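One structure is given below, encoded as structure tokens.
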Amino acid sequence: MSPEQVVPGIVRLAALSRVALFGEPTNCYVVAAELGGLVVDPGSDGADFIAAVEEVVAELGGLAGIVVTHGHRDHWEGVARLWERHGGWVATHPALVGRLAGIPASAHRRVREGHVLAGWRVLDVPGHTRDHIALWRPADGVMLVGDVVAGEGTTVISPPDGEMAAYLATLRRLRDLTPRLLLPGHGPPVHRPRDALEALIRHRLTREQAVLDALDERPRAVEELVARVYADVPAERWWLAERSLLAHLLKLEAEGRAVRLKGGWARPPADGAQA
Ligand SMILES: [Zn+2]
């Protein structure tokens with residue numbers, strides 16, 4: 001995919017990280033800002049990718065700074081190379097300070113909910129990871145959401161960094177902000193955000209109900225449950241689905257709707273039942 005202007009002043013580039021799942025590229029966005037270009041999620045340190053980013057940045061008058069939405073490597077693999085060549089700051093959630101190879105703590109700009117970055121409001125959006133931020137521009141309703149939303153398919157929620165209850169709360173919150181365009185970390189732009197966010201919430205609640213339906217008194221291992229709950233997902237992806245399944249189970253456990261026993265997960269005994 002060659003660089004593509006998704007809205008005026010925002011260019012999308014495809015980054016193929018060495019850790020890309022299923023060979024799927026990560027979206028990197030170069031955003032025009034007051035003092036140059038913001039590079040959001042440079043996910044590859046490949047020479048061709050870095051050169052393509054630099055070409056777009058040069059057209060915008062230089063690099064103002066780099067933003068990393070969250071700590072997964074396919075969103076920051078190219079940060080060190082860009083920073084070495086251009087300097088400036090690297091804006092991340094405070095939890096990522098010291099975790100991006102090659103970036104000293106002094107280069108980090110720690111940003112969280114309430115901060116404003118080159119005209120973009122920073123949102124804390126935990127769920128996919130705890131260290132996840134999004135960028136929100138109320139003036140035109142554009143939102144850079146990282147892996148909170150996938151342009152196609154769904155996002156893996158992998159405990160303990162991924163948390164299903166937090167993820168659902170984040171989806172509802174983004175829906176209530178009524179964005180007009182979501183720019184996700186993978187896949188195409190999402191042009192009907194409200195419908196897409198509603199569909200994602202429904203999808204997770206439907207899956208949660210399927211988890212509840214699969215539980216009974218007998219403890220069942222996650223590997224056994226995944227075949228029942230994710231029957232619609234190709235078997236070669238069950239190892240990933242097991243992560244989201246575990247996230248659902250942990251949420252249900254916290255709500256008293258599932259219990260962890262020796263040998264697996266079960267429905268809690270009904271009130272008054274003999275233990
Ligand atoms: Zn991710």
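Given the structure is predicted, the values throughout are model-derived calculations rather than measurements. Atoms within each ligand, like the ligands themselves, are counted from 1 in listed order. Counting from 1, the numbers follow the sequence of the chain as shown.
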Can [X] and [Y] be counted as an ion pair, charged N to O under 4.0 angstrom?
{"X": "Lys251", "Y": "Glu163", "value": "no"}
{"X": "Asp232", "Y": "Arg207", "value": "yes"}
{"X": "Glu113", "Y": "Arg173", "value": "yes"}

N/O/S from [X] sitting under 2.8 Å away from the Zn ion (ligand 1):
{"X": "Asp74", "answer": "no"}
{"X": "His132", "answer": "no"}
{"X": "His75", "answer": "no"}

Can you tell me the N, O or S atom of [X] that's nearest the Zn ion (ligand 1)?
{"X": "His72", "value": "ND1"}
{"X": "His128", "value": "NE2"}
{"X": "Asp147", "value": "OD2"}

Would you mind telling me which of Asp161, Asp147, Leu123, Thr170 makes a side chain to side chain contact (heavy atoms under 4.5 Å, CB included) with His132?
Asp147

More than 12 foreign heavy atoms under 6.0 Å from CZ of Arg99: is that the case here?
yes

